[in-house]
Structure formats: structure tokens, C-alpha cells
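Chain letters run A, B, ... following the sequence lines, proteins first, then strands; residues in each count from 1.
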Protein chains: 2
Amino acid sequence: MQKRNPVDILRENQLKNTRQRVRVLEEIAADKAAISQPDLEKKLGKEIDRVTLYRILNTYEDKGILHRIIDFNGTANYAICSSACTAHHHHDEHLHFNCTHCHKIYCLETKVPAINIPDGFTANTISLIAYGICDKCGKADKRN
Amino acid sequence: MQKRNPVDILRENQLKNTRQRVRVLEEIAADKAAISQPDLEKKLGKEIDRVTLYRILNTYEDKGILHRIIDFNGTANYAICSSACTAHHHHDEHLHFNCTHCHKIYCLETKVPAINIPDGFTANTISLIAYGICDKCGKADKRN
DNA sequence: ATAGTATATGCAATTAAATTGCATTAAAAA
DNA sequence: TTTTTAATGCAATTTAATTGCATATACTAT
């Protein structure tokens with residue numbers, strides 16, 4: 001787990017240390033679950049311009065600092081990458097769980113199993129997402 | 001495989017037989033790969049209003065006639081469901097392959113393997129998507 | 001410290017995706 | 001054929017994402 005502080009992460013990736021970039025990393029690191037672009041914008045919209053937020057998120061994804069998970073609705077969600085991720089390849093191939101009640105995405109420990117890809121197809125990344133009810137929503141509320 | 005004709009599919013699902021609904025089914029059934037909402041709109045936009053298209057796609061998904069696959073960019077793609085799908089539950093749990101070159105999504109035969117879900121989490125659907133280069137793009141073009 | 005340079009940010013405007021309300025039209029049932 | 005029910009098209013709105021450009025800021029080298 002990349003538990004270094006934001007300033008270190010920025011320096012290691014040759015990115016300028018700006019208030020906005022630090023805030024984005026802080027906010028995303030604060031939650032164990034992935035956070036959606038709209039939620040990030042709600043939290044940071046008063047201190048960071050929305051365009052800047054988009055650009056920071058894209059930069060972080062390119063550098064392998066964050067990984068992006070697309071949820072059931074097609075919305076982008078972000079979480080801190082494991083340290084194995086690099087600018088050239090993401091190695092966050094674990095199970096994601098997308099709660100259809102609270103819409104949170106959890107990064108779970110379960111590894112993506114080996115998948116048999118047909119001849120002629122070359123897979124670079126595998127995404128495995130389970131949709132359902134998370135532990136909190138399952139307890140708190142019987143609706144779904 | 002649901003290879004019945006559009007009119008039968010509509011009747012079986014208590015949906016009115018309209019020109020627009022038939023056209024959407026024809027168009028989606030024509031291609032083995034899933035087709036994106038934007039591509040569908042390009043093909044059908046002159047004969048069907050875009051709002052109607054959205055509504056038809058949603059209805060078909062609810063009824064278990066089509067399944068929706070979200071690609072890497074968060075765009076909705078649609079393919080005909082296997083006949084096992086119902087209004088209450090989709091059973092299209094096979095591997096999808098999203099070509100990052102031509103952007104097509106292929107429904108492949110490979111079944112989604114059993115996944116170990118942590119206690120407290122209840123999964124209803126599992127999505128397994130591989131991103132990479134499809135057989136056609138691999139042959140036709142060495143760029144990716 | 002300071003000046004210079006490279007880069008990041010904010011703003012305005014634009015493009016695109018998706019949704020809502022409502023009047024009109026069309027399909028199926030009586 | 002008439003009635004009823006549901007689907008469609010249109011206008012308007014909301015939300016997401018992107019682009020160009022002027023300004024501001026961080027880092028580098030002096």
C-alpha cells in the first residue's frame with residue numbers, strides 16, 4: 001500500500017507540489033473505498049476548479065498513482081494504487097465491489113483469477129467487478 | 001441464443017410492437033459484438049428520436065432482452081442476452097473483451113469463474129471485462 | 001534571494017450524454 | 001370502430017467531460 005505522504009508521491013513522479021494536487025490525494029486516501037468524480041467534485045469544488053480536478057485525476061491515472069474504476073452507471077471512481085502500479089502498467093487487478101445501494105466501490109483483497117483468453121486476442125488489463133449490497137448497507141437497511 | 005425474430009421477442013415480453021423497437025433489435029442482433037449507445041444513435045438517429053432510443057434500451061435491459069456492458073470509457077454498450085436472462089435477473093456472466101483499438105466489445109464464451117466474496121457482502125452480478133487488442137486489430141494493424 | 005522557465009490552474013465556452021415533462025401518436029383490447 | 005393504454009417526439013434541462021487561453025505558481029539556476 002502506498003501510504004507515503006502526498007508530497008513524496010508528487011516528487012517521486014516529477015509532479016509539481018501544488019495545493020490542489022495535495023488536496024486530491026488527501027481526499028482519496030482518506031477513504032478506504034474508491035470515490036467517484038462527482039463526489040470528489042462535491043467535496044473539493046469550492047477549493048479546486050472542476051477542470052483542474054479532471055486534469056489532476058487524469059495525470060494521476062497516467063502516472064499510476066490512482067486507478068480508475070468505472071461503476072455500473074459508467075461513472076469514474078478513483079482509488080490509490082498499490083505501489084506495484086507504474087506509469088506503464090496498472091497492477092491493481094483485484095476484485096472491486098460496487099454497492100448498488102450506497103454506490104460505493106470497495107477494493108477487495110481477492111485477486112482476479114487467471115482467465116482463458118481466446119487465440120488472437122491479447123488482454124492487457126482485466127477488470128472484475130461484483131455488483132450487490134455491501135456489508136454496511138446489508139446491516140443498516142433491508143431495502144435494496 | 002435468442003435467435004427469434006423481434007416481433008416474437010416483443011410479444012413474449014408484453015411490449016408493443018413498434019417500428020422503433022423492431023429496428024433497435026434488428027440493429028443489435030446484426031452484429032456479434034456489442035454496440036455502443038453512440039454508435040446505435042449514429043445508425044438509427046434519423047429514424048428514431050434519441051430519447052426514444054434511450055427509453056427502448058432501458059426497457060430492453062429491464063426486461064432481460066439486452067444486457068448492458070460499460071466499457072473502459074464509461075460508455076454503455078448493448079448485446080442480445082442469452083435466453084436465460086429474465087426481467088428479474090441477468091445471467092450473461094461471460095467474459096467481455098473490450099478492444100482498446102477499435103473499441104468493440106465481444107461477448108466471449110468463457111464463463112466468469114466462481115469468486116470468493118467477503119462476509120457481509122452480497123453479490124448479484126459479476127462483471128468480467130478484459131481490455132486489450134482483438135483478433136482483427138491484432139492482425140490488421142500493429143499500432144495499439 | 002531573485003529572475004527565468006516550465007508547468008499548473010482558473011475561467012469561459014463548448015461538446016456530449018442522459019433525463020424529464022408533456023402533448024401527440026400509435027398499438028392493442030373491447 | 002371506439003376506447004384505453006402505452007410509446008414516441010420535441011423542447012428544455014441537467015450532468016459529465018473537454019478545449020483554448022490568459023494568469024498564476026512552483027521549481028531551477030543564478
* **Whether A:N73 side chain and A:T75 backbone form a donor-acceptor pair below 3.5 Å** => no

* **Donor-acceptor pair present, A:R21 side chain and C:dA8 base, under 3.5 Å** => no

* Structure fact -> In whole angstroms, the gap separating P of C:dA16 from CG of B:L53 amounts to 17 Å

* Measure the angle between the two terminal helix axes of the helix from C:dA1-D:dT30 to C:dA30-D:dT1, five base pairs each, and quote it to 10°. => 30°

* To do: Round to a whole Å and report the spacing from CG of B:D39 to C1' of C:dA16.
  => 14 Å

* **Rounded interatomic separation in angstrom, taking CG from B:D71 and P from C:dA16** => 17 Å

* Asked: In terms of the nearest nucleotide of DNA chain C, which residue is placed more toward the 5' end: A:N73 or A:I48?
  -> A:I48

* Asked: Hey, does the side chain of A:T52 come within less than 4.0 Å of C:dG10's phosphate (OP1/OP2), counting only N and O?
  -> yes

* Are any of A:Q20's side-chain N or O atoms less than 4.0 Å away from OP1 or OP2 of D:dT25? -> no

* Nearest to the side chain of A:Y54 - C:dC11, D:dG9, D:dA16? -> D:dA16

* What is the distance from CG of A:L57 to P of D:dT18, rounded to the nearest Å? -> 11 Å

* Asked: Counting N and O atoms only, with roles assigned by atom type, does the side chain of B:R68 sit under 3.5 Å from a partner on the main chain of A:F72, one being a donor and the other an acceptor?
  -> yes

* To do: Take the protein atom CZ of A:R50 and the nucleotide atom P of C:dG10, then report the distance between them rounded to whole Å.
  => 13 Å

* Structure fact -> Shortest non-hydrogen pair, B:A130 vs A:I117, comes out as CB-CD1, 4.1 Å

* Structure fact -> Here the distance between atom C1' of D:dA17 and atom OH of A:Y78, to the nearest Å, is 10 Å

* For A:E41, which contact category applies under a 4.0 Å heavy-atom criterion: base, sugar-phosphate, or nothing? -> nothing

* Side-chain (A:T110) to main-chain (B:N116) donor-acceptor, under 3.5 angstrom -> yes

* State yes or no: do B:I9 and B:L53 share one hydrophobic cluster built from I, L, V, M, F, W and Y residues joined by side-chain heavy-atom distances below 4.5 Å, directly or via other members? => yes

* Would you find a donor on one side and an acceptor on the other, under 3.5 Å apart, between the side chain of A:S36 and the backbone of A:A76? -> no

* Structure fact -> Between NZ of B:K46 and C1' of D:dG9 the distance, given in whole Å, is 18 Å

* To the nearest Å, how far apart are A:Q14 CD and C:dA6 C1'? -> 14 Å

* Asked: Atom CD1 of A:I56 and atom CG of A:L25: how far apart are they, to the nearest 0.5 Å?
  -> 8.5 Å

* Give a yes or no answer on whether the side chain of B:N13 reaches the backbone of B:I65 with a donor-acceptor pair at less than 3.5 Å. => no

* Asked: Do A:Y131 side-chain atoms and A:D71 backbone N/O form a donor-acceptor pair below 3.5 Å?
  -> no

* OP1 or OP2 of C:dA18 less than 4.0 angstrom from a side-chain nitrogen or oxygen of B:Q37, does that happen here? -> yes

Atom pairs under 3.5 Å: protein N/O with N/O of nucleotides 21-30 of chain C:
from: C:dA28; atom 1: OP1; to: B:N17; atom 2: N; distance (Å): 3.0

* **B:Y106 ring center within less than 6.0 Å of A:F121 ring center** => yes

